[in-house]
Amino acid sequence: MRPTDSTPAPRPADDPRSAGSAGSARAGSARAGSASRPGPGSGSDGAALAFVPAPAPRAGGPEARGIDLVPDEERGGRPRDLFAVWAAPNVSYLSFVVGAALVLMGLTLPQALGVVLVGNLVWICTGVVAAAGPVAGTSGSVVSRALYGVRGNRAVVVVTGWLIAAAYLALNWSAASVAGIGLVARLGLPASPAVDAAVICVIAAGTLLIAIFGYGLIVRLYTGLSVALTAVFAVVTGYVLAAADLSYAPAEPLRGAALAAALGAGFTLVASAPLSYTNSPDLARYLPRDSSPVAVAGWTALGAYLPSVVFTAVGALAATGLDMTDPEAALEGVLPGWFVPVFVVAVVVNTMTNNGMTAYSAGLSVQSVGVRLARIPAVLVIGVLGTAMTLYAILVFDFLTAVSTVLQLVVVVTGPVMAVAMTDLVLRRNRYSGPELLAQRRGGPFWYRGGVHWAGFLALAAGALTAGLWVRTTFWTGPIAAATGGVDLSVPAGMTVAAAVYWAATGALGTIPRP
């Protein structure tokens, strides 16, 4: 594939397809298909461009399309198809680990289950943001140009679309690798760093294949995988319930500030997963333009919420009767020997489904900041970074410490980013112009001042600062959290401040016309 096969598609100012209306976008795509890919020697920021038609996705082959506009003739499906797309990656071993961590913090079983139910409601945010996909017809990392400006968006995407995405790749690969390394040991291979590294690399390679084949494979494959993974994890659940102690109570029940601190930390831990998916438009952009935004939001949120609640709750139940400080050994210890390999394979496959989506979106993010790479090489770049981080997490760092630290600390950024995205969508009434977002032209509606939307940066900075003051992890405790006895309100505080500042700043600057 040529380096220009999936690069972004800015349009010149005099291109009639840059008019910005949904109608002109529809007409333009009907006339020229997906003519949104610059040829050799193309410029940026509104320079004159030569366009090369983009090839339509090939059934069974790698997806060639990158962040460029998805024309109407390539769209299809229904919003309810998103249920399986989001369910498969959330039938998760990592959910067991997070659920167990709630009980290990000192919460009672009812308290832990309450945190699971409430914390996972944040998936509604992921669903709402996904509604921009069919309207814009491009990736979430391009839609966010409306929030931060054509140039300003690049800095945000480098953090959220590259670094944090690579961290989540590493976190999930670490979970699967721990289980895979255990299975390799059962098969009689000697324990060594070289064997561990080989397991990690095999899992990473399988994941990147999903990301390379892209949207078509994800939609077709994940329906069957969600059923198969649910069946395997349901069997595990049965054995966990048999070993659970429903009358469990902590040796020293938490009260007062200590209880508030544990509840806050638990909520942050659970909410961190849905807050990381501001890329949810990526998996909705192939739906018809007139798809119901309520249906898109609902099926996305429901598909993620249900399995997340069920299997995080099972993890909490497991911790009442098993020693979940070593979750792999604990779960395998209650399973029959013949079923352990099935469980490990399910863990690995689940990780591939989860990270396949993450790597797919991360590859689009690489393109959206102007890096002149096709989508597939961009995916490989992110994969190499995530693999390196996984090797460090497994071979050098403690796994459970890595889980808690990463999931609790990243919300300082992901919470405000999600809040700004939701607020912008509400203020614009979900009216995004894919052609204008891709045009990157000077003087366009998303150029703002010098290519930067300062309202977005002010809101993000204020939200992140507030979240940092309230966050509590083993790595960092904010001053307000410390002063209140370790109470972690980083998610609600950071999101509320970011949303309020964005609303006020866009009104003061007049950058988003009010109805």
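Everything numeric in this text was worked out from a predicted model, so none of it was measured.
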Self-check item: Sub-4.5 Å side-chain heavy-atom contact between F311 and T237
Solution: yes
Practice problem: Say whether D323 and T325, considering side chains only, have a donor N or O and an acceptor N or O under 3.5 Å apart. | Solution: yes
Quiz item: Does some side-chain heavy atom of T387 sit less than 4.5 Å from a side-chain heavy atom of V384?
Solution: no
Self-check item: Check: A211 main-chain N/O paired with R375 side-chain donor or acceptor under 3.5 Å
Solution: yes
Quiz item: Is there side-chain contact between V157 and S144, with heavy atoms separated by less than 4.5 Å?
Solution: yes
Quiz item: Would you call E63-R285 a salt bridge at under 4.0 Å N-O?
Solution: yes
Self-check item: Whether T223 side chain and R220 backbone form a donor-acceptor pair below 3.5 Å
Solution: no
Self-check item: T320 side chain to A316 backbone, donor-acceptor under 3.5 Å
Solution: no
Exercise. Please confirm whether the backbone N or O of V116 pairs with a side-chain atom of N120, one donor and one acceptor, at under 3.5 Å?
Key: yes
Quiz item: CD1 of I124 to OG1 of T300: how many Å apart, nearest 0.5 Å?
Solution: 12.0 Å
Practice problem: Show your reasoning for whether side-chain contact (heavy atoms from CB on, under 4.5 Å) applies to V417 and L147. | Solution: CA-CA 10 Å; V417 167; L147 285 57; over 6 Å; no
Quiz prompt | Full working for side-chain hydrogen bond (donor to acceptor under 3.5 Å, both in side chains) between Y93 and E328 | solution = CA-CA 9 Å; Y93 168 72; E328 180 214 355; 5.9 Å; no
Quiz item: How long is the span from the CG atom in L109 to the OH atom in Y248, to the nearest 0.5 Å?
Solution: 9.0 Å
Quiz item: Quick check: does any side chain N or O of R472 sit under 3.5 Å from a backbone N or O of A265, one acting as donor and the other as acceptor?
Solution: no
Quiz prompt | Any donor-acceptor N or O pair under 3.5 Å, side chains D424, Y432 | solution = yes
Quiz prompt | I382 versus G161, closest heavy-atom pair with distance | solution = CD1-O, 4.5 Å
Quiz prompt | Donor-acceptor contact present, side-chain D282 to main-chain G140, <3.5 Å | solution = yes
Practice problem: Tell me, with the steps shown, if V270 and L102 meet side-chain contact (heavy atoms from CB on, under 4.5 Å). | Solution: CA-CA 9 Å; V270 174; L102 300 178; 4.2 Å; yes
Self-check item: Flag, side chain of N90 to backbone of P307, donor-acceptor distance under 3.5 Å
Solution: no
Quiz item: Parallel, tilted or perpendicular: which fits the ring planes of Y286 and Y215, with parallel below 30° and perpendicular above 60°?
Solution: parallel
Quiz item: Can you name the closest pair of heavy atoms from L364 and G66 and give their distance?
Solution: CD2-C, 3.6 Å
Exercise. Decide yes or no on side-chain contact (heavy atoms from CB on, under 4.5 Å) for Y148 and R154, but give the supporting numbers first.
Key: CA-CA 9 Å; Y148 305 107; R154 296 169 186 171; over 6 Å; no
Quiz item: Checking S226 side chain against A88 main chain: does a donor-acceptor pair fall under 3.5 Å?
Solution: no
Exercise. Grab the two heavy atoms, one from M422 and one from V129, that are nearest each other, plus how far apart they are.
Key: CG-CG2, 3.8 Å
Exercise. Run the numbers on D68 and R65 for salt bridge (charged side-chain N to carboxylate O under 4.0 Å, His left out), then give the verdict.
Key: CA-CA 7 Å; D68 45 316; R65 186 170 300 286; 2.5 Å; yes
Practice problem: Check step by step if side-chain hydrogen bond (donor to acceptor under 3.5 Å, both in side chains) holds for W173 and T207. | Solution: CA-CA 9 Å; W173 277 335; T207 301; 3.0 Å; yes
Quiz item: How far does CG of N350 sit from CG of L94, to the nearest 0.5 angstrom?
Solution: 8.5 Å
Quiz item: So which heavy atom on T423 is nearest to which on A499, and how close?
Solution: OG1-CB, 3.3 Å
Practice problem: Please tell me if the side chains of V195 and I181 come closer than 4.5 Å, counting only heavy atoms from C-beta onward. | Solution: no
Exercise. Please round to the nearest 0.5 Å and tell me the distance separating atom CG of N153 and atom OG of S141.
Key: 7.5 Å
Quiz item: With side chains defined as the heavy atoms from C-beta onward, is the minimum distance between L117 and L121 less than 4.5 Å?
Solution: no
Quiz item: Which atom names give the shortest non-hydrogen contact between V411 and S490, and what distance separates them?
Solution: CG2-OG, 3.6 Å
Self-check item: Atom of A146, atom of L437 and distance for their closest heavy-atom approach
Solution: N-CD2, 3.8 Å
Quiz item: So how far is it from L283 CG to D81 CG, rounded to the nearest 0.5 Å?
Solution: 12.0 Å
Self-check item: Side-chain touch L380/I212, heavy atoms, less than 4.5 angstrom
Solution: yes
Exercise. Answer whether the closest heavy-atom distance between the side chains of Y277 and W123 falls below 4.5 Å.
Key: yes
Quiz item: Distance-only, no hydrogens or angles: does the R145 side chain make a donor-acceptor pair with backbone N or O of S368 under 3.5 Å?
Solution: yes
Quiz item: Just by modelled atom types, is the I67 backbone N or O under 3.5 Å from a matching donor or acceptor in the T138 side chain?
Solution: yes
Self-check item: Rounded distance [0.5 Å steps], CG in L241 versus CG in L246
Solution: 7.5 Å
Quiz item: Mind checking whether N279 and S139 have side chains closer than 4.5 Å, heavy atoms only?
Solution: no
Practice problem: Take F339 and V236 through the side-chain contact (heavy atoms from CB on, under 4.5 Å) test and state the conclusion after the steps. | Solution: CA-CA 9 Å; F339 190 75; V236 177; 3.8 Å; yes
